[in-house]
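Just so it is clear, the model here is predicted, and its values are computed rather than measured. Lettering follows sequence order; numbering is per chain, from 1.
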Protein chains: 2
Amino acid sequence: MTKNDPAQASGRRADILERATEAFVSHGYAGTSMADLARAIGIQKASLYHHFRSKESLFVACVTEGYDGAVRRLEAIRSDDAISDPARIRAAMEEIYRINLTTPVGRMAPLIAEIAATIPEVAQAFHSGFIARHYATVTGMIEDGIARGSFAHVDPLGMQHLIFGPVITLALSREMTASFPDRDALYPVDRIRETHIGLILRLLTGKGSADGS
Amino acid sequence: MTKNDPAQASGRRADILERATEAFVSHGYAGTSMADLARAIGIQKASLYHHFRSKESLFVACVTEGYDGAVRRLEAIRSDDAISDPARIRAAMEEIYRINLTTPVGRMAPLIAEIAATIPEVAQAFHSGFIARHYATVTGMIEDGIARGSFAHVDPLGMQHLIFGPVITLALSREMTASFPDRDALYPVDRIRETHIGLILRLLTGKGSADGS
DNA sequence: GTCTATATTTCGATAGAC
DNA sequence: GTCTATCGAAATATAGAC
């Protein structure tokens, strides 16, 4: 463990972002101090300021550099024309569950809500760069399916909320109950995901009028 | 504005709890200082410590004393046997939307997730006192309807997530976009609620197998 | 029960050696 | 690029007058 290891330094920025994001989503922005972050990363607090000039700029980097891969993967699923429309919706929902339950970016929504009043630009960037694009991709899949005659004439906005809402809330519920011994019994991911996907596909492929107006 | 107004002092505790809850849900636990709270209430910081011996105990009171009314109203809807099963579900969902979008207790979930690691007892109390009871009440309504033959044989756990998920996520999304000029166009509450209720009732009263297994 | 004043700790951020 | 040492501001909490 030398002091100036170049191999460590090269991936340092990515390492900081990864651990900082994990800490921010676990304890909130205000609840995470630079000393906490330095401890989690294993360097001194002053060294953090060599890579990022302030806590806010580090946080902004966590938010704006964390979601690119997630957005691209979902867009790739939409473009995949080797599968049927229902299979595409299933693949998209499995990816949405994966993102929101196993990666930090999926648990960033409460974090953004916390600082939206103080740093509105971050909320804007996260919403237009991640949320809106995720929503638009799924809405597009549904509209594609309707145009091809695979799906009933559902309201895409309503379906969007029915698809994302339970996933984001499940991630929040599991974060909230992380310390409970019976968390997996209270919120069984696999069972909830499969039931959810089944119900969505039933609404999309089912007969009859599906809009609530 | 006298210094020792008894009329003010009598309702002081409730006043503190109300304004503190609003501040906590807006800026998070760590993001809200005792000075912030004192300013919002219009008293001095030291006076807060006359009513609550610490920030943590004030926060615990906000969480544990905030949800009683909400739980009782939803349970009253379940017990109301003057209406049909679908009408009861509709009334319950309208109440769930009202709670989560217009009262602070409905926006407490991210707050609990933030401090769950530091004060696990609060997460336990909130989950068993509010979340679990809200869930159980709705699940009960669905099971009642199935038993009476009003509803199809859906999976109550899956329906529970499909009912609460979109509402809680909508509250979070609107909190996140509170500063956006186009928030009401991005997240139009009335339209989303009506579509949501319509889709849930379609799943509950529709024909065919409804479980995803 | 509310106030002013202050003790004590922790925070974000900087200076300067190596 | 990382470190030790430290600054000034802001945090939680307390002391004691009225």
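Residue pairs meeting the side-chain hydrogen bond (donor to acceptor under 3.5 Å, both in side chains) criterion with at least one member in residues 69-81 of chain A, sequence neighbours excluded: A:Arg73-A:Glu95, A:Arg78-A:Asp144.
If you take CD1 of A:Ile41 and C1' of D:dT2, they are 13 Å apart, rounded to a whole angstrom. C:dG1 atom P lies 12 Å from atom CZ of B:Arg13, rounded to whole Å. A:Ile16 has its CD1 atom 10 Å from the P atom of D:dG1, to the nearest Å. The interatomic distance linking A:Gln44 (CD) with D:dC3 (C1') rounds to 7 Å, in whole Å. Put simply, CZ on B:Phe52 is 14 Å from C1' on C:dG1, counting in whole angstrom units. Rounded to whole Å, atom P of D:dG1 lies 14 Å from atom CG of A:Leu48.
Listed by chain and residue number, nothing satisfies the salt bridge (Lys or Arg N to Asp or Glu O under 4.0 Å) test with B:Arg183 (two or more places apart in sequence, or in another chain). For A:Asp68, there are no salt bridge (Lys or Arg N to Asp or Glu O under 4.0 Å) partners, not counting sequence neighbours. Partners of B:Tyr97 by ring pair (Phe, Tyr, Trp, His ring centres under 6.0 Å), not counting sequence neighbours, listed by chain and number: B:His196.
Residue A:Ser47 has a polar side-chain atom (N or O) positioned under 4.0 Å from OP1 or OP2 of D:dC3. For C:dT14, neither phosphate oxygen OP1 nor OP2 lies less than 4.0 angstrom from any side-chain nitrogen or oxygen of A:His50.
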Anything under 3.5 Å between a protein N or O and an N or O of nucleotides 9-13 of chain D, put it in a table, one pair a line.
from	atom 1	to	atom 2	distance (Å)
D:dT12	OP1	B:Lys55	NZ	3.0
D:dT12	OP2	B:Met34	N	2.9
D:dA13	OP2	B:Tyr49	OH	3.1
D:dA13	OP2	B:Lys55	N	2.8
D:dA13	N6	B:Lys45	NZ	3.1

Show which side-chain atoms of residues 24-32 of chain B pair as donor or acceptor with protein atoms under 3.5 Å away, not counting sequence neighbours.
from	atom 1	to	atom 2	distance (Å)
B:Ser26	OG	B:Glu22	O	2.9
B:Thr32	OG1	B:Ala23	O	3.4
B:Thr32	OG1	B:Gly28	O	2.7

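Residues B:Met141 and B:Asp85 form no side-chain contact, since every pair of their non-hydrogen atoms from C-beta on lies 4.5 Å or further apart.
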